[in-house]
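Computed from a prediction, not measured in an experiment: that's the story for all the values here. Numbering starts at 1 and runs along the sequence shown.
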Amino acid sequence: MLAGGFVAGGGGPFVEVPAEADLVIDRATLLAVLEHVEEGILAVRTDGTITFAGPTIRTLLGWDPEGIVGRNVVEFLHPEEAGAALASLLRWENRIGQDVGEVLRIRSAEGGWRELWYDYVTGPAVAALGGFVLTFRPPESVDPERRALLQRLVEESRLVRLASAFLHVESGRFEDGLDRALAELAGLTWVTRVSAWWAEEEQVLCRAVWAAEHQAPSVPLPTSAPLEALPWPGVQGEVQARSLVEIVGGRVAGLDESVEQLLATPLIQGGSPRGFLLLEHTFPGEEFDATHFATLRAAAAIMAEAFARHRAELQLADQARTDRLTRLPNRWTFQEALDEALEVVAGGGSPGLGMALIDLDRFKVVNDSLGHAAGDRLLVEVAGRLLSAATAGDPGAVVARLGGDEFLFLRPTCPSLVGAVAATRELLRALEPPLTVEGQLVTITASAGVVHADDGRADGGELLRRADLAMYRAKRRGGDALMTDDALLRTRVAEQLRLEGDLRSAVEGEGLLVHLQGEWDLTGGRLLGAEALARWDHPGRGVVAAVDFIPLAEETGLIGALGRRVLREACQAVADWQRDGLAPDFLLRVNLAAQQLGDPGLVEDVAGILAETGLAPSSLCLELTESALLVDPEGAAATLERIRALGVGLAVDDFGTGYSSLLYLKALPLTSLKIDQGFVAGLPGDPSDWAIVSAVVQLARAFEISVTAEGVETAEQQGALLEMGCRRAQGYLLSRPESIEDFALRLAPTGIPTGTP
């Protein structure tokens, strides 16, 4: 048999061919193989035309092999057998299979009749020779045991090919594997239709059908039957019947009187029937035999396993594409739908698409107050409302869960942004009625960002980013709002992203600078210390002040690395000066951001940098703003106690700008205060500023901590501060921020700081 089996004769040798149901061999290769087969070989078309004759034909019948090519095989068959033989060829058209064991009377070249045993094989593998390969051998040379062995080999080969039909078949092409498997079963003698049935939910579905080119049943099979129609209540053997009505308990229509017999066997999964295989034939007087029973039983076991594996694969694929909580499509599935919609728009098949990103407002309050289980139930309810509202307006709409409390909405056909906004508002309105969660009424609002695309230039990722930006604009308005895509905002965000990348490079490499601004004794003009200030030497913008990039560093999480670098470089400079005897009483002030104060490794970082640089702890003072202290007052107090235990000083910067400034004097281990320059600016003429600054100076004196005024820019301000008793100050009147190298020039070689601001 070729086509995944053997070319075989009446008990003689056979040629093995790889077991692939769709194997196709070219004509030259086939001829080369058949030239060396001992049996007589004829290759014919369906109409009986001979396309090839092997050399053994001359020995068996006396005919010149080349001389009979082009003639019809019917010419050589006994008239009493020619019609049946030709009908057999027609019956096997477009099948994959082999018939084994039959005697025909064949005309010899001398004009007599000779009985020969013949087999044939058909299928794609021999299509190059016309579709059929017939093998002939004298009956007396046929070994019954070898014939029985060959029959078993044919059956086993069929099952191997049937099983291979499901190997390496993707889930999306499972039906192709089914079709190939049924085509193999169609190779059983007398079969004119084969069908596979499998139970899904409340029905048994007809999943695949193969029907013969000729003599097929005339009435189509139904597409399904009720689940209770499975004909095996506790029986796992074959069922024979004369009609499908008998097989499925009279619950299907379509009785086919042309069907002579049906044979069904169950597909067993978990010990119970989950479907069945059905063979039909339309040949009067023929009966299914033991070969059919055995083959069908083995095929059913293979197919049941294939169905079970396919179902498991579908479940895994569904889990990979579906959000487990809400059962909505997940982000990846939504991305596929969005990409497909964009392709349709680009191809002119749609005037445009609308998309929205929807984020629930204050969802964290529900989780924190009612628990995560209640939050999950709320998300499921929200998902149902969004999906109902979306598909009511457009059955093709897609709603997906992005993650957390964020949802995505796609309208594949949407001519304008106005239409996309209107459709999204319908979804937001669907959330307005209160929901009952854990016995409590919960009102949900949401913020949405809406985008529209009417050409194929934007990709899905870009649209998602644009919708995300618009949604956050709605959030910043307080929520319960809808905002649309804004080109100017996108430009600003793109610029910010570029700036973020540049800043990251500066923090990790070159470009980050440390400047120092002196702190002076107003009574004698003596340099007491300096505040370390970060500067950024941007390749395109020049030197950028901290006020312009520190917020970006905080937003992007770079502030910790930036702060450590400033602290290390400033401490190293002062420690080097002290070792050279230039600044023995120098006080270095370094700012801490709120995120740094919340870093559990902050104290270890400070101690490590002091040890690394050799700077005395008493020469360092860390400054914090009141806003930083408000983030976690209790945690900040504990951290500051540990820092103070190192011997490092602590100061509150911009003192007086917060609502609880006085509490810090009592609760925190402070060593100094810095008066905000906003109060200093009004001196000496503003009575309110005078009163505030004077009070702060007196408080510092009462708590025995030092006080420094910031932002001193005029001699009049300096005089007012001296009159109040404030002796320490910073400001442009005294000195501007300078590089470490320039600042070092202010230090006298004798080790005594100069008195020249």
Side-chain angles (χ1 to χ4, degrees), residues 514-521 526-534 559-626 628-629 632 634-655 664-674 700 703-708 710 727-728 730 740 743-744 746-747 751-753:
V514 177
H515 283 196
L516 298 174
Q517 184 177 23
E519 180 178 352
W520 300 86
D521 179 356
R526 190 167 66 95
L527 186 61
L528 302 175
E531 179 180 358
L533 302 170
I559 191 65
L562 187 152
R564 285 190 293 273
R565 182 164 173 181
V566 170
L567 179 62
R568 180 177 289 105
E569 291 190 16
C571 286
Q572 188 66 66
V574 176
D576 290 343
W577 295 336
Q578 290 180 342
R579 277 191 288 270
D580 293 339
L582 297 180
D585 299 322
F586 196 92
L587 182 63
L588 173 66
R589 297 182 183 271
V590 180
N591 293 286
L592 283 181
Q595 291 180 23
Q596 290 178 274
L597 189 58
D599 183 351
L602 173 63
V603 179
E604 288 72 19
D605 284 343
V606 173
I609 290 173
L610 289 173
E612 174 188 335
T613 60
L615 182 68
S618 59
S619 296
L620 176 64
C621 180
L622 298 179
E623 297 185 351
L624 306 102
T625 62
E626 294 187 55
L629 295 169
D632 179 12
E634 293 183 2
T639 299
L640 295 179
E641 289 285 358
R642 294 176 60 201
I643 291 176
R644 190 70 189 94
L646 296 175
V648 174
L650 294 171
V652 174
D653 199 3
D654 304 331
F655 187 81
Y664 298 138
L665 296 177
K666 180 179 179 180
L668 301 178
L670 300 176
T671 57
S672 64
L673 301 177
K674 297 189 78 173
F703 279 89
E704 298 183 344
I705 58 178
S706 67
V707 60
T708 300
E710 296 181 293
R727 300 290 184 263
R728 305 173 72 102
Q730 285 177 248
I740 290 176
F743 190 89
R746 294 183 175 277
L747 304 178
I752 306 299

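Between Arg642 and Glu604, at least one side-chain nitrogen of the basic residue sits less than 4.0 Å from a carboxylate oxygen of the acidic one, meeting the salt-bridge criterion.
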* Asked: Would Glu710 and Asp653 satisfy side-chain contact (heavy atoms from CB on, under 4.5 Å), going step by step from the backbone distance to the final call?
  -> CA-CA 9 Å; Glu710 296 181 293; Asp653 199 3; 2.9 Å; yes
* Stepwise side-chain contact (heavy atoms from CB on, under 4.5 Å) test for Leu673 and Ile705 -> CA-CA 7 Å; Leu673 301 177; Ile705 58 178; 3.7 Å; yes
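Counting heavy atoms from C-beta outward, Arg746 and Leu527 have side chains that approach closer than 4.5 Å. Looking only at side-chain heavy atoms (C-beta outward), Ser706 and Thr671 stay at 4.5 Å or farther from each other. In this structure the side chain of Leu670 never reaches within 4.5 angstrom of the side chain of Arg644, judged on heavy atoms. Within the 4.5 Å cutoff, the side chain of Arg728 has heavy atoms near those of the Leu528 side chain. Residues Thr639 and Leu602 have side chains in contact (heavy-atom distance under 4.5 Å, counting atoms from C-beta outward). When side chains are defined from C-beta on, Leu650 counts as touching Pro669, because their heavy atoms get closer than 4.5 Å. Within the 4.5 Å cutoff, the side chain of Val603 has heavy atoms near those of the Leu646 side chain.
Rounded to the nearest 0.5 angstrom, Ile609 CD1 and Leu620 CG are separated by 9.0 Å. Here the straight-line distance linking atom CZ of Phe743 with atom CD of Gln517 works out to 9.5 Å at 0.5 Å rounding. Note that CG of Leu624 and CG of Asn591 are 8.5 Å apart. Values are rounded to the nearest 0.5 Å. One distance of note links CG of Leu747 with CG of Asp580; it measures 10.0 Å at 0.5 Å rounding. With rounding to the nearest 0.5 Å, the separation of CD in Gln596 from CG in Asp605 is 9.0 Å. Separating the CG atom in Leu610 from the CZ atom in Arg568 is a distance of 11.0 Å, to the nearest 0.5 Å.
Between Trp577 and Phe586, the two ring planes are perpendicular [angle over 60°; tilted spans 30° to 60°].
Here the closest non-hydrogen pair linking Pro584 and Gly581 is CD-O, 4.3 Å. When all heavy atoms are compared, the tightest approach of Val514 to Ala570 is CG1-CB, 4.3 Å. Summarising the geometry of Ala532 relative to Leu516, their closest heavy-atom pair is CA-CD2, 3.7 Å, with the distance given to 0.1 Å.
Applying side chain to side chain contact (heavy atoms under 4.5 Å, CB included) to Val648 and the options Leu622, Leu640, Val590 leaves one that passes, Leu622.
A side-chain N or O of Asp576 and one of Gln572 form a donor-acceptor pair less than 3.5 Å apart. Between the side chains of Glu519 and Thr708, at least one donor N or O lies within less than 3.5 Å of an accepting N or O. In the model, Ser672 has a side-chain atom that pairs as donor or acceptor with a side-chain atom of Arg589 under 3.5 Å.
The side-chain hydrogen bond (donor to acceptor under 3.5 Å, both in side chains) check on Ser619 picks up Gln578, with sequence neighbours excluded.
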